[in-house]
Amino acid sequence: MGSTSAHKNEGLGRRDVIKRSAALGLITVPTMSFLSACASSDSSDESVKKGKTSAKNPLGVNETAGLDVVIFDGGFGQQYAIDAEKQYTTAFPKAKVKHTATQKIQSQLQPRFNGGTPPDLIDNSGAEQMDMGVLVGKKQLLDLTPLMDAPSIDDPSKKVRDTLRPGVLEMGQFDGDPVWVMYYAYTVYGVWYSQTALDNLDAQYPENWDDMLALCEKAKKKGIAGWTYAGKYPYYLPFSLYPFIAKIGGREVLDKIDNLEPNAWKDPAVKAAFEAYYELYKKGYILKGTPGLTHIQSQTEWTKGKALFIPNGSWVENEAAPTTPKDFKMMVGAPSSLDSSDKLPFGTVWAAGGEPFIVPAKAKNKEGGMEQLRIMLSEAASKNFTKQVKSLSAFNGGTDGLTLSTAMQAGVDVLKKAGDNVVNPRLQDWYAKLQKEQIGTAGIGEMMAGRLTPAEAIKKIQAYADAAAKDQSIKHYKHQ
């Protein structure tokens, strides 16, 4: 697995597809207490005085002001951010950077948002990710357009926006031109597996559902489960289920679902996809005990070889590294075809920006927060990120000279095969509670645990979507 320049062009030609996209942060579980806190803050803006703009300081960072950064300490860890912060202090030696790493983003930051004293830069990810749709709707975020229009660190003749992978900038837009979120990682979602495990079964990755079921049956006879997933957080299932739906019925099915259109969930493609996944449960192809597993526990069972497949994102390579055998040969595949009547070809995949970074509207050092992101979007910082966490970044490049793991190369290959057939559902950042707590957990999760039939799950989910569409307390978004 030598170095490759394929990354430079892997996303080209997909702008129209991903333009309507969103990225998934890792996981989102908003609570009303946070939403109320965001809405109730009325503290005055205590921003530090803006510095003098120059070629070296295009955003006008106050060179002596401190920078307060909070990073989600999850699948990507925090070292990549610490390294980028060192570049900030090199540029501004008199500035002190306060770095905080946590898995409790909402719990720790709710009081600060409520008091009008949020950090300057936040990696808004993890199980306690703050609801991006609500933050945007409540005007809690800074428009990052000045960052997008600033010169890039590597080539001042280019704007930062011109150095991003196709679609990344649009992912941070919710309603019009402002850019509210900078998704730093570039993630491939799909069905993850061990090539070694398939080789041991003398099998190839199944490109159609009949072959998927046959392989699961073969594995079952060897005492190996076909699938496992994050049972306690079943909203991981859509990582492969949503592109499966789009593949069967076309991407317009996902658009209707995102738009909260009446009866969107009753589309025949949804029914077919749900019934196919339910068959995994009915035939005993799901690892026993899966509904009680966390994402880490399910990944550990998978890397131990107890299950062949797991729906996940490309952060899984780094997150599961402590339990992954050296000869595992981690790979990712696009959802299998249901049958020959599918609207989109095999290879249709969900790929998008991930790891959302935000600068709060009430941050004291807004320019500093944006400058830190500008540093992170340099080739050096991007390459460091890729080396450390085995994931592509939003910077369109930064892989020359790097030796890619099997998982990263598989991600690149999947994107190449997908071509224009890349989809990006927006539910998770438009309507986080609906997606995670209701659709993911109360609907799909209950179905995969055998407590709902596909028909019952669809009826329940449609009711949740209809309620969200009628809820005037939340901001509604539509595909443009």
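The aromatic rings of W350 and Y189 are tilted relative to each other, their planes meeting at an angle between 30° and 60°. Note on ring orientation: taking the six-membered ring where Trp is involved, the planes of Y236 and H295 are tilted (angle from 30° to 60°).
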Could you pull out every donor-acceptor pair under 3.5 Å between side chains of residues 278-286 and any protein atom, sequence neighbours left out?
residue	atom	partner	partner atom	Å
E279	OE2	K283	NZ	2.9
Y285	OH	E217	OE1	2.5

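Residue pairs that meet the salt bridge (charged side-chain N to carboxylate O under 4.0 Å, His left out) test with at least one member in residues 442-464, sequence neighbours left out, are E446-R451. Under the salt bridge (charged side-chain N to carboxylate O under 4.0 Å, His left out) criterion, the residue pairs touching residues 471-480 are D175-K475, with sequence neighbours excluded. Among pairs with a residue in residues 231-248, those fulfilling salt bridge (charged side-chain N to carboxylate O under 4.0 Å, His left out) read K247-D342, at least two apart in sequence or across chains.
F385 pairs by the ring pair (Phe, Tyr, Trp, His ring centres under 6.0 Å) definition with F76, Y80, Y184, not counting sequence neighbours. For S314, the side chain to side chain donor-acceptor pair (under 3.5 Å) criterion is met by no residue, not counting sequence neighbours. For E275, the salt bridge (Lys or Arg N to Asp or Glu O under 4.0 Å) criterion is met by K271, not counting sequence neighbours. Under the side chain to side chain donor-acceptor pair (under 3.5 Å) criterion, Q195 pairs with D199, sequence neighbours left out. Scored by the side chain to side chain donor-acceptor pair (under 3.5 Å) test, T228 finds T290 as partners (sequence neighbours excluded). Scanning for side chain to side chain donor-acceptor pair (under 3.5 Å) contacts around D211 gives N208, with sequence neighbours left out. Partners of Y229 under the ring pair (Phe, Tyr, Trp, His ring centres under 6.0 Å) rule, at least two apart in sequence or in another chain, do not exist in this structure. Y477 is linked by a ring pair (Phe, Tyr, Trp, His ring centres under 6.0 Å) to F174, W430, counting only residues two or more places apart in sequence or in another chain.
A side-chain N or O of Q409 and one of D413 form a donor-acceptor pair less than 3.5 Å apart. No hydrogens or angles considered: a donor-acceptor pair under 3.5 Å links the side chains of E128 and S107. Judged by distance alone, the side chains of D258 and H479 do bring a donor and an acceptor atom under 3.5 Å apart. Checking Q462 against D466 by side-chain atom types alone, a donor-acceptor pair falls below 3.5 Å. With 3.5 Å as the limit, one finds a donor-acceptor pair spanning the side chains of N312 and Q299. Side-chain contact, D339 with S341: a donor N or O sits under 3.5 Å from an acceptor N or O.
At least one side-chain heavy atom of S405 sits less than 4.5 Å from a side-chain heavy atom of E317. P146 has its side chain within reach of M370: a pair of non-hydrogen atoms, C-beta onward, lies under 4.5 Å apart. Here the side chains of R251 and N421 are in contact, with some heavy-atom distance below 4.5 Å. With contacts defined as side-chain heavy-atom distances shorter than 4.5 Å, the pair W192/M330 qualifies. Side-chain atoms of V270 and I461, non-hydrogen and from C-beta on, never get closer than 4.5 Å to each other. Contact check for K159 versus S152: no side-chain heavy atoms found under the 4.5 Å cut-off. Taking 4.5 Å as the limit, every side-chain heavy atom of S393 sits out of range of all side-chain heavy atoms of Y186. Looking only at side-chain heavy atoms (C-beta outward), L198 and Q204 stay at 4.5 Å or farther from each other.
Aromatic ring centres of Y277 and W209: separated by under 6.0 Å. You'll find the ring centres of W302 and Y193 outside the 6.0 Å limit.
Ion pairing of E301 with K306 is present here, as a side-chain N (NZ or NE/NH1/NH2) and a carboxylate O approach within less than 4.0 Å. The existence of a salt bridge linking D149 and R161 is confirmed by a sub-4.0 Å separation between a basic side-chain nitrogen and an acidic carboxylate oxygen.
Summarising the geometry of T187 relative to G313, their closest heavy-atom pair is CG2-CA, 3.9 Å, with the distance given to 0.1 Å.
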